[in-house]
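I have placed the structure first, in the form of C-alpha cells, so that the comments after it can refer back to it.
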Amino acid sequence: MRVITLLLNSILPGTILLSHAFKAHDFKTCSQSAFCRRGRALAQRASENASWSSPYHIDAETVSFSPSQSSLTARVTSFLYPEIHFQLQVDILKNGVVRVRMDEIGGLRKRYDEAASWALISEPALRDDDLNWVGFKKGKKGGVVKAAYGGVELAISYSPLKITLLRNGREEVVLNGRGLLHMEHFRNKPNQTDEGEERPSELEGEGGEGIEGTREQTVLKEPANGNAWFEGEEKDGYWEETFLSWTDSKPKGPESLSLDVDFPNHGHVYGIPQHAASLSLPSTIGANPHFSDPFRLYNGDVFEYDADSPVSLYGSIPLMHAHSAESTVGIFNALASETWIDILGSPTNTSIATHWISESGILDLFILPGPTPDDVFAQYASLTGTTPLPAHFAIAHHQCRWNYVSSDDVRTVSKRFDEDDMPVDVIWLDIEYSEEHKYFIWDEKTFPDPVEMANDVASVGRKMVVIIDPHLKRTSDYPVFAEAEAKKILVKKANGEDYEGWCWSGSSAWVDFFHPDSWEWWHKLFSLTGKTEGWRWAKSTDTIFIWNDMNEPSVFNGPEITMPKDSIHYGGWEHRDVHNINGMLYHNQTSQAVMRRGTELKRPFVLSRSFFAGSQRFGAIWTGDNLGTWEHMAVGIPMTLSNGIAGMTFAGADVGGFFGNPDVEMLVRWYQVGAFGPFFRAHAHIDTKRREPYLYNEPHKSMFRDILRLRYSLLPMWYTAFRETSVTGLPLLRPHYVVFPKDTRGFAIDDQYYVGSSGLLVKPVTSPGAETADVYLAEDEVYYDYFDRQVYRGAASGTTVTVPAPLSKIPLLRRGGSIISTRQRPRRASPLMKNDPFTLTIALDRSGTSAKGDLYLDDGETYAFEKGELAWRGFRISPEHNKKNSPLVLHSEDLVTLHKGNDVVDGVQIKSWDPRNAFAQSIARVYVERIAVLGLEKEPKSVNVVGGKGLEWTFSKGTGAKGKKTGVASALTIKAPGVLVVEDWQIRIEL
Ligand code: NOJ
C-alpha cells in the first residue's frame, strides 16, 4: 500500500499524500476567494460609513399577499441598478417558521434554486388561518408590513428592505439591518454583448432546463462610479480567478450573495458545522489569531486539520442557533455554494452580528423562531427530517483500520476480540480490499473468499462494513466506470467532456449523482437478488454494509483538493452551485441502494464523510482525519455537539485519532470518549502501528474491556435515545444550553453533555495525567456517580463538583430522577443480547421519591416498527400517597398505549396498536433480573410485586437523595424480581 501512496506522490508532486502537517496553503482564506473578499470589503465599507444605508428596497405598489395572508410577494430593486429587479417572497409556514426567498427576475442567467429541495423532506406548507393568526397587514403609515402569530411578530420594512422577527417587542433576528444585503445580478462580460460567446453551449445539461435566462435583456449600463460606495471600485475577480496553479473560469460572472443576519439580543451562536472549534462560536472579527477568517462552509478533504480553526471541513450545514436566557432562535440558510460567515459578538456578550457571504444561488433562508432550543430542533426537523432509527448493530462498537489486509486478517481480528472477551459488532475494510481501488471488485490475492469471510464474521453475530468511494478508475475493464461512461452520467468539464481527476484509483471519473439516470443504476450495483448478472457485486452478503468516503469530492490534483468549480452537473449547473450537496446525494443513493438490495427493505447503514443539511436522513458521519493528539480528542466533543445541533446527530470521531500512534493512556481516554458518542468507531491510518484494544497489556487491557462492556450494557439506553431523536430531532448529545436554556453559566460549556433524556451526564477526560475532573451541575438536584454511587449536590445557582477520574474511570453521573435500563451480560456482539434480561437502575430525585425513564425495543433491522412491531415501556416510581413514609410504587407501563390518544404515536403510524404484536411476543419471556434504587432515605420494610409475591432484596445503607447530604448513596437491590419487560406491573416498596 505504501507503494501506491508513493506512486501517487511521484505522479502528483505537491499533493497532500505524504505531508504531515495541515497544509493551510492548499485551502483558500477569505482573502484568496474573490467573492469573499468582495463581501468582506462591503462590510468594511459599511462599518466605515456612518450614513450607510442599504440600497435595496421594496417597490411598494408590487406588494401582494396570498389569500390566507401568510405569504407576501414583492418586487425589490436596488437604487444602484434601477433596471434590475428581484422577486421577494416571505412565507409564514405552518409551525411558525419564516421562509425568505429572493431571486433575480428575468436575469441574464438563472441562479441555482434547488438547494432547499435537496435538503428539505418536502415543500413546507403555509400557515393557515387559525385563532391566533393575524396575517400580513400593511402598516397604517405604509412602508412596513407586519404579521403577528404565535407570540412573535414579523416586520418587513420597505426602504431600506429589512426583515425583523420580534418577540414581545424584542428584536430576535434582523435581516439586512446593517445593509449588507447584496445579490450581485448577472451581467455581460465587458466588451461582450453576445452572451452565446460567454458560455459554451454544452453547459446545458441533457434533459435539464439549462441555466440561461429566457427574458430579453438589454445590456446594462454600469453606473459610472456612482455605486462605488456600495460595490467598491474594482470588479474584483468577477470573471476569472486563480488560486495556486488553478484558474476558475467563471462563465456566469459575479453572482454572489451577501446578507447580514443579526441577533441583537442573543449572546451565543452555535452550529454551522463542520469546524474544529468550540461549540459557542468565537468572533471572527477581533483579536483571536485562530479566528481571523470567517467560518467557511465548503466541503473539503482537509489533511491533518488544525484543532482550533474556522477552516471548512468535510461537511457543511448552514444552520445556526442564537441563544440567550430569554430565547433560542435559528437560521437555516439553504445555500449549497461556498459560504463564509463572519461572526461579531458584542464585548458585553449580549448581541451577535453575523454576515453570510455565498458564491452563488438564490436567497432561501428560514428563520426558526424557537423560543426554546427544543422548539428550534422541532422546527428544523420539520424542514429537513430527523435521523431515522438505525440498524441496531450500528450503535455498537466498530473496529476499523486502513487496512485489514486479507480475509484471514479479518478472521483473526474477529477471533482476537473473542479471545479477550471484548465485544465488537463490526469489522471494517478500507480501500485496499479492492483490486487497484476499483471498488466492488475484491483483490483476489488477499480476499479470495469474501463471502465466506463475511459469513464467518456473521457466524458470531458480527457485520462488516466495506468502503465504496465515489472516484471510478478510468479503465474500460472496470465495469462500473464503463457503464457510467456509456450511460453519460459522469460529471463534465467546463468544455463538456467527461471530467477526469486523480484520486486513490489514479486517473478517475465521478458519477454525477444529480443525474436521475444514475440512481436506479447505482442501486442495482448493490443488489443481492440479481447475482447472476455478470460482474455485479456478486461477492457480497446482507451482513456487509457500506462506507462512503472522499465524497466532498476529494480530488488530489484539483483546486483545494476537490473538483473545479466550473465542472458541470446535470441540468447545466456548475459544481460551484452544488458543491456542498454533492456528498449528500452520493450518501443518499448508497443508502437507498443498501436499503433495497434484498428481497425485503432493511435499515441501511452507510457512513459518509461529506454531508449537508438533510444528510441525517441517510446515515452516520464521522469527523474525518483527526490526529492522535489530546487536542484532537478534546475538539471531537464540541464537533460532535455542533453536528448534533445541526441535525447530524449520528456522528463521531475516529477513536484513537486517524494519524499517529497515541500512547496507551491517550487511547484509553479516547475509548471512553468514543463509548459515550453516538457513532463509536476505532480507526487508524495505514502508517500507524496496530492498536486494537486486545493488543495491550494489563492493566490497560481490562480498562478497554470495561469500557466496551459499559457501552454494550448501555445499548438499550442508546437505542431508546435514538428512538427519541428519530421522532423529535433533539440531539443525542445535549450540551448545557439545550438542557438548561436559562443558565447563562452553561452557555459556553462544551466539554460535558447529557446523553439523550437518560439523565447521564458525561465529562470525558481529554488531558493527560488526570486524576479528577470538575463537573458543572446547573440545578438543585442530586447526582450519583455511575460507578460508586457517590452523591454530588447541584445548586440552583450552579456549582462545580470534583469527581475522581483515574484512568480506569470516565466521569459519569446519573441525574436524580432518572431510570436507566441496561443489559449486564457480557456478549461478543449485540445481536446476541436480544433475549438477555434487564437491570433497572433508579436514581431518586431530590424529593427522595420519584424518578422515570423509558425503554424502546424493536427488531433492530427491519421497518416492522413502523407497523407497530415494537415495545416502548415506561418506568416510573412515585409515592403511593401524599403522606409521610408513603410506600413507593414502581410502575411498568406501555407508553404506546398511554400515547394512544394521539393518532400518530411519536411519528410511528400506529392506528391500532397491539401490545401483543409479533415483536413483543418474540421477547415475551425477557425479564428484569435486578432493580437498584439509589437514594432511599431508609431501609424498606418490604418489597413486593403488587398483586403478587414478596421479593428478595438487600439494602446498603448510605446517603438518601433528600437534602444536601453527600457520601455514598444508599442502594436497595431487588434481586430476581422476575417481572417481564413487556408487561405492565407494579412493585411496591414499603418504607
Ligand atoms: C480518507 C479517510 O478519511 C480515511 O478514514 C480513510 O482511511 C482513507 N481515506 C483511506 O480510505
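Only this structure's heavy atoms are used, side chains among them; waters, hydrogens and symmetry mates stay out. Whatever order the structure lists ligands and atoms in, that order sets their numbers, starting from 1.
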If the cut-off is 4.0 Å to any non-hydrogen atom of Ile467, which atoms of ligand 1 fall inside it?
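Counting from 1, the qualifying ligand atoms are 11 (O).
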What atoms in ligand 1 come closer than 4.0 Å to a heavy atom of Arg609?
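Listed by number with element, the hits are 1 (C), 2 (C), 3 (O).
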Check if [X] has a non-hydrogen atom at a distance under 4.0 Å from any atom of ligand 1.
| X | value |
| --- | --- |
| Trp428 | no |
| Tyr314 | no |
| Met550 | yes |

Considering heavy atoms of the protein only, find what lies nearest to [atom] and give residue, atom and distance to 0.1 Å.
| atom | value |
| --- | --- |
| atom 5 (O) of ligand 1 | His683 NE2, 2.9 Å |
| atom 11 (O) of ligand 1 | Asp430 OD1, 2.5 Å |
| atom 9 (N) of ligand 1 | Asp549 OD2, 2.7 Å |
| atom 3 (O) of ligand 1 | Asp625 OD1, 2.4 Å |

Does a side-chain N-to-carboxylate-O contact under 4.0 Å join Arg411 and Asp408?
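Yes.
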Between Trp402 and His683, is the gap from one ring center to the other below 6.0 Å?
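No - the distance between ring centres of Trp402 and His683 does not fall below the 6.0 Å cut-off.
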Could you tell me whether Phe513 and Trp519 have their ring centroids closer than 6.0 angstrom?
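Aromatic pair excluded; centres sit 6.0 Å or further apart.
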Name the one of Glu692, Arg690, Glu432 that satisfies side-chain hydrogen bond (donor to acceptor under 3.5 Å, both in side chains) with Tyr404?
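Considering Glu692, Arg690, Glu432, a side-chain hydrogen bond (donor to acceptor under 3.5 Å, both in side chains) with Tyr404 is found only for Glu692.
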Under 3.5 Å: N/O of Trp622 near N/O of ligand 1:
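There is no such contact.
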For the pair Tyr314 and Asn299, evaluate side chain to side chain contact (heavy atoms under 4.5 Å, CB included) and give the outcome as yes or no after the intermediate values.
CA-CA 5 Å; Tyr314 311 88; Asn299 295 347; 5.8 Å; no
Would you call the rings of Tyr433 and Tyr439 parallel, tilted or perpendicular, where under 30° means parallel and over 60° means perpendicular?
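Tilted, since the angle between the ring planes falls between 30° and 60°.
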Residues Ser414 and Arg462: side-chain donor-acceptor under 3.5 angstrom
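Indeed, the side chains of Ser414 and Arg462 share at least one donor-acceptor pair under 3.5 Å.
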